[in-house]
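Protein chains get the first letters and strands the later ones, always in sequence-line order, with residue 1 at the start of each. This is a predicted model, so every value here is computed, not measured.
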Amino acid sequence: MIDLKILREDPERVRESQRRRGEDPGIVDELLDADEMRRTAEASFGALRSEQNALSKHIGHLQGRLKKASDEDRPAIQAEVEQALAGTSDLAERVKSADARRSAAEAEAAELLAKLSNVIDTDAPVGGEDDFVVVEEVGTRRDFAAEGFAVRDHVELGELLGALDIERGAKVSGSRFYYLTGVGALLELALVNHAIALATGNGFTPVIPPALVKPAAMEGTGFLGQAAENVYRLEADDMYLVGTAEVPLAAYHSDEILDAGSLPRRYVGYSPCFRREAGSHGKDTRGIFRVHWFDKVEMFSYCAPEDAEQEHRRLLAWERQFFDSLEIPYRVIDVASGDLGASAARKFDIEAWIPSQERYREVTSTSNCTEFQARRLRIRLRDDDGVRPLATLNGTLVAVTRAIVALLENHQQADGSVRVPAALRPYLGGRELLTPLA
RNA sequence: GGAGGCGUCGCCUAGUCCGGUCGAUGGCGCCCGCCUGCUAAGCGGGUUGGGGUCUCAAAGCCCCUCGCGGGUUCAAAUCCCGCCGCCUCCGCCA
């Protein structure tokens, strides 16, 4: 949620943000009205309640005196009590209805506020999915024609290596499911260990978070808005399967006030990720590029709002460091306004080169959510100036399945074997090459 | 799954039986003063969070906040109902 003070003082800034996202700017004015109503209702309830409190306190004092009073004083005090009591029922009724109006107004304002996406960073490129800006291209793409062999895609390579079993994935769980087997399974563990080592080496606290969360965590991170259709919900228990460790890592400090001196707090989580992939029928149906479940190592950072932009660059730098170490060519894009999630003010993706598709595809994503998630989850910082919301940021270190796709395809050899980049070898028992079975 | 206990403003804690003088006691910690070769001790004061109002801002004032949500009542930390969490014991189980 955004700051209502910003909304009141500079509504046009929020309207413009909504326009750039391709969302409804009208919510801003509805919310302003609702907020006005809420404040009015708050004031009239407060006045009535104040009156009631004063009267109630007066009665309390009288009752106290009555208990200690002598027999001859008692009737006089008793009369005073009864006089004070007159009309209290009526007042109580008025308080009650004012309270009802207040909570209705509050609920309406809250509902509108929850619909509003984060205010976009003005530096983010404006436009839709295709209007991203390429920040940088890194690495050298191989010329397989020059090397003299036809590119195999990750499905073929995975089968040759005995790393991947998609047919059985479908048999057991349906489409978009898979088994990682043999070196495939080892590859996941290697990638994960490598990522965790990189993060802990940079001061992150490693975390294995719950992948099943209550509605508050899902709502708080902003995934129940337009992204709701992609979230798995367990009806019987009113729980959600997370689509990313961002959710439990963000909710980790919900309802807490963190000492400013303890910031930034950086966590690296390893968790399964579940995505319904609604609306992507027919897209990426081959292989494990787009699946309903995969494992991921995610960075998450809590920091002071004024440091968020710099922190965002750091997360991006660590993501790049990881893909550099895998020796995979990639580019960095600055995601356009219309393609940001509800929580993000700005987002950078790393897109790895996928030889079989001859194009760059998203493998990581880092978002600066500024204070948006923190407000929803009531996570604040305390410094010398008092208490205020902090900023949250997240970034992928490795989404295992997509990393495996990129790795197999980019490092394949003519005979179907796959070269292991040096950085990964320590996590694969020193192996330099993955070779086809039999 | 069954039985019992507990949840108070950073931590601990009083109050809950018998509703009002509790907008919540005391200790620890922390902050600011005083005192003092230094430190410690001592003395005095302050110390939940949110909303509203006023203001350039602050101070002030008002409302809410005793796990959460309802209810009873003129009045709820206190009584009633539901929920959540933690602990203990039993059962079951990776």
Side-chain angles (χ1 to χ4, degrees), chain A residues 1-10 31-69 73-74 77-114 208 210-220 234 236-240 248 251-263 265 371 374-390:
Chain A
M1 84 183 55
I2 69 157
D3 187 355
L4 274 175
K5 286 190 186 97
I6 289 179
L7 192 82
R8 280 181 219 142
E9 283 160 20
D10 191 1
L31 183 52
L32 281 171
D33 288 346
D35 182 48
E36 187 59 45
M37 298 254 290
R38 184 197 118 248
R39 284 150 71 197
T40 307
E42 185 91 43
S44 51
F45 168 75
L48 282 170
R49 193 65 214 249
S50 177
E51 195 183 325
Q52 188 186 38
N53 282 345
L55 201 52
S56 186
K57 192 167 191 171
H58 176 57
I59 294 168
H61 278 95
L62 290 177
Q63 295 280 19
R65 274 170 57 202
L66 193 61
K67 269 182 208 161
K68 287 180 245 163
D73 291 342
R74 193 153 291 155
I77 299 171
Q78 186 65 46
E80 238 186 297
V81 168
E82 267 152 40
Q83 194 195 353
L85 239 30
T88 48
S89 293
D90 178 57
L91 180 58
E93 280 308 310
R94 284 186 290 141
V95 167
K96 205 170 178 180
S97 67
D99 192 22
R101 279 195 299 278
R102 183 192 60 151
S103 31
E106 252 170 29
E108 199 191 327
E111 199 182 316
L112 286 165
L113 186 57
I208 312 282
L212 204 49
V213 301
K214 296 195 281 187
M218 221 43 161
E219 274 161 23
L234 303 193
D237 301 284
D238 197 17
M239 299 277 281
Y240 293 90
Y252 187 61
H253 284 303
S254 54
D255 288 305
E256 293 182 24
I257 298 173
L258 306 179
D259 196 89
S262 72
L263 302 176
R265 291 206 192 196
E371 298 150 62
R375 281 211 170 79
R376 291 180 156 218
L377 293 165
R378 296 164 306 279
I379 309 167
R380 290 159 292 173
L381 65 81
R382 176 183 279 120
D383 61 13
D384 293 338
D385 299 328
V387 174
R388 60 195 165 105
L390 46 70

Base-pairing assignment for [N] (Watson-Crick or G-U wobble, both under 3.5 Å):
N: C35(B); result: none
N: C11(B); result: G27(B)
N: G60(B); result: U53(B)
N: U21(B); result: none
N: G4(B); result: C87(B)
N: U72(B); result: none

Please report the distance, rounded to the nearest Å, between [atom1] in [X] and [atom2] in [N].
X: Leu48(A); N: C64(B); atom1: CG; atom2: C1'; value: 15 Å
X: Arg102(A); N: C64(B); atom1: CZ; atom2: C1'; value: 6 Å
X: Arg382(A); N: G10(B); atom1: CZ; atom2: C1'; value: 8 Å
X: Asp35(A); N: G52(B); atom1: CG; atom2: C1'; value: 11 Å
X: Asp255(A); N: G49(B); atom1: CG; atom2: C1'; value: 11 Å
X: Met1(A); N: G51(B); atom1: CE; atom2: C1'; value: 14 Å
X: Lys5(A); N: U53(B); atom1: NZ; atom2: P; value: 11 Å
X: Met37(A); N: G51(B); atom1: CE; atom2: C1'; value: 17 Å

Touch class at under 4.0 angstrom, heavy-atom based, for [X] against every strand present:
X: Arg375(A); answer: nothing
X: Asp90(A); answer: nothing
X: Arg380(A); answer: sugar-phosphate

Side-chain contact, heavy-atom cut-off 4.5 Å: [X] with [Y]?
X: Leu7(A); Y: Leu113(A); result: no
X: Tyr240(A); Y: Leu212(A); result: no
X: His253(A); Y: Leu377(A); result: no
X: Glu93(A); Y: Ser97(A); result: no
X: Arg388(A); Y: Arg380(A); result: no

Are [X] and [N] close enough that a side-chain N or O sits under 4.0 Å from OP1 or OP2?
X: Arg38(A); N: C64(B); value: no
X: Asn53(A); N: C63(B); value: yes
X: Arg39(A); N: U53(B); value: yes

[atom1]-based separation of [M] from [N] [nearest Å]:
N: A76(B); M: C87(B); atom1: C1'; answer: 27 Å
N: C89(B); M: U8(B); atom1: C1'; answer: 27 Å
N: G15(B); M: G27(B); atom1: C1'; answer: 16 Å
N: U16(B); M: G67(B); atom1: P; answer: 15 Å
N: G7(B); M: U78(B); atom1: P; answer: 12 Å
N: C93(B); M: C17(B); atom1: C1'; answer: 41 Å
N: U73(B); M: C80(B); atom1: P; answer: 16 Å
N: G51(B); M: G10(B); atom1: C1'; answer: 23 Å

Does the salt bridge (Lys or Arg N to Asp or Glu O under 4.0 Å) test come out yes or no for Asp35(A) and Arg38(A), once each step is laid out?
CA-CA 5 Å; Asp35(A) 182 48; Arg38(A) 184 197 118 248; 2.4 Å; yes
Salt bridge or not between Asp259(A) and Arg382(A)? Use side-chain N to carboxylate O under 4.0 Å.
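Looking at Asp259(A) and Arg382(A), the cut-off is not met.
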Assess whether a salt bridge exists between Arg39(A) and Glu36(A), defined as any Lys/Arg side-chain N lying under 4.0 Å from an Asp/Glu carboxylate O.
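Yes, charged N to carboxylate O under 4.0 Å.
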Closest-nucleotide 5' rank along RNA chain B - winner of Ala47(A) and Arg388(A)
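Nearer the 5' end of the strand: Arg388(A).
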Show your reasoning for whether side chain to side chain contact (heavy atoms under 4.5 Å, CB included) applies to Asp3(A) and Glu371(A).
CA-CA 8 Å; Asp3(A) 187 355; Glu371(A) 298 150 62; 5.6 Å; no
For Ile6(A), does its backbone N or O pair with a side-chain atom of Arg8(A) as donor and acceptor, under 3.5 Å?
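Not at all, since once roles are kept as given, no pair shorter than 3.5 Å links the two residues.
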Please report the shortest heavy-atom distance between Ala34(A) and Ala109(A), naming the atom on each side.
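That would be CB-CA, 4.0 Å.
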Shortest non-hydrogen separation from Met218(A) to Val213(A) and the atoms involved
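The pair with the smallest heavy-atom distance is SD-CG2, 4.2 Å.
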With the sugar-phosphate defined as primed atoms, P, OP1 and OP2, and the base as all remaining atoms, what B/S/- string results for nucleotides 73-83 of chain B, 5' to 3', for protein heavy atoms under 4.0 Å?
-BSS-------
Reading nucleotides 66-72 of chain B from 5' to 3' and marking B where a protein heavy atom lies under 4.0 Å of the base, S where only the sugar-phosphate is that close, and - otherwise, the string is ------S
